[in-house]
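Residue numbers begin at 1 in each chain, while the letters A, B, ... track the order of the sequences.
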Amino acid sequence: MSNFEQFHFDFYQSNYTIDDQEEGCNSYGSNENLSGSTKSQTREQPPAGAFAPSDMFLSPKSYTGQILQPTQSPDTLSHLDYADGFDEEPPLLEELGINFEHIWQKTLTVLNPMKPADGSIMNETDLTGPIIFCLALGTTLLLAGKVHFGYVYGTSAIGCLVMHALLNLMSDLGVSHGCVASVLGYCLLPMVILSSSAVVFSLQGIPGIFLALFIIGWCSLSASKIFTSALAMEGQQLLIAYPCALLYGLFALLTVF
Amino acid sequence: EDGEFLGMKGLRGQLGRQVADQMWQVGKRQASKAFSLYANIDILRPYFDVEPVQVRARLLESMIPVKMINFPQKIAGELYGPLMLVFTLVAILLHGMKTSDTIIREGTLMGTAIGTCFGYWLGVSSFMYFLAYLCNAQITMVQMLSLLGYGLFGHCITLFVTYNIHFHSLFYIFWLVVGGLSTLRMVAVLVSRTVGHTQRLILCGTIAALHMLFLLYLHFAYHKVVEGILDTLEGPNMPPFQRVARDVPVVSNAVLNTTAKAVALTL
């Protein structure tokens, strides 16, 4: 059981195998300072070694810093929990990476398309908010009498793939699928507002068409604002906004008809 | 394992395993090389490097036929504008199908719209490129894709207007004027890049026919139900099904029976 003590010294041995256990016993038995741990860590992940000294001080108290670190690998967190025991486990929401404060911040950014966006907010791929919004859209459509969960899922999946390909072609920096899915999902929020208004009155008249066009414009403006600030594509916001408008137009078609 | 490989023991087994491993490695290396060469999306990157002003200018130019056909006209080799126009055409088709309650029996609305538009863009471009190769015209595949893609701008305008305002005469006017202008532009560009009367006739005749007929097809295939709905919604003043002479068997049988009874009574 001495292996668990070793975990208190080096938290981020993410590739720990049964073979390393024997070598670890030998090296830690001989010298207890961190040079031994760094020697074994250099065989594995150099960035993990950099985390170990600083997080020794943070260890069981607070884990808020870890959610914001994009290079954190999930293996290290699970080793932490395994080692610390039940009392010192992080709360479930933080373990899942769900941070309601961040979700709220991003929601506010989407709801106000005129405010300039911070380019770094999309560094962390957060799919919880988008999934909540997609479910809200499906639920409000259900309230209006349309069971379209499958269509929402299919449209968003294909839309993410196409936008990912287009953004990779048009920008110098690459994007990941998760980032694109996250941004498109967050900007779906005004569409939820449209579909909830469809519960109350029918959108198939002239005012409904204008409301739908306004909501489509709002969604695509927010999405293109976030994409251009995150990918440093100044001057091409309209070129990004148009495919986003087509995608959200499909959602509006689903909502109106 | 005692070194047995496919039934061969000892040295033969080891040799067999090594040969199989090597073949697998070589095959995997070649496949990944081919994949990184052909599936590399970066080869398309230069064609998406555009500014909004350029796209707007090209859209407007696609409706203006240029008369100068003595030297080859410039074609912008970009793919962003054509791709967005094809997607816009898909969206307009979907909107038209939804408003007219079109029912597609074998397939989905989305699949039909995407298949039609992308099939036209890619298929007709490839066919025209093949014809251009036969007729010795100086045009590359990307230029052909770009030319045809921008030619769909006229289609988008026409369908957007006529799917919402339903007059046949209005559609025919738009078909001739708007469709005709964008076709004339494509024809002028192709003529300027081809030498010889027969070759010019083949290329231009084909593109004109295909382009105009596609607009006609899109209009009539996807909105004809609207006319029927409009007729029935005209109100109590207009009797329904007025234009179609119909023989309703129940009515005619009833008439026949009453006539026979009346004749029998008089007799």
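Atom CZ of B/Phe160 is surrounded by 12 or fewer heavy atoms from other residues, nucleotides or ligands within 6.0 Å. Within 6.0 Å of atom CD1 in A/Ile158, 12 or fewer heavy atoms from other residues, nucleotides or ligands are found, so the atom counts as exposed in its surroundings. Heavy atoms from other residues, nucleotides or ligands lying under 6.0 Å from CZ of A/Phe257 number more than 12.
Atom CZ of B/Phe87 is separated from atom CG of A/Leu247 by 10.0 Å, given to the nearest 0.5 angstrom. To the nearest 0.5 angstrom, B/Asp49 atom CG is 8.0 Å from A/Asp172 atom CG.
Neither the backbone nor the side chain of B/Val90 comes within contact range of chain A; no heavy atoms are under 4.5 Å apart. Residue B/Tyr47: no heavy atom, backbone or side chain, is found under 4.5 Å from chain A. Within the 4.5 angstrom heavy-atom criterion, only backbone atoms of A/Ser171 (N, CA, C, O) approach chain B.
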Exercise for review: Check step by step if side chain to side chain contact (heavy atoms under 4.5 Å, CB included) holds for B/Thr88 and A/Tyr242.
Suggested key: CA-CA 10 Å; B/Thr88 310; A/Tyr242 188 67; 2.5 Å; yes
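B/Met110 places none of its side-chain heavy atoms less than 4.5 Å from the side chain of A/Tyr151. The closest side-chain heavy-atom distance from A/Leu166 to B/Met84 is below 4.5 Å.
Under a 3.5 Å cut-off, the side chain of B/Tyr80 and the backbone N or O of A/Leu239 do form a donor-acceptor pair.
Between chain B and the residues A/Val256, A/Leu253, A/Val162, the most heavy-atom pairs under 4.5 angstrom are made by A/Leu253.
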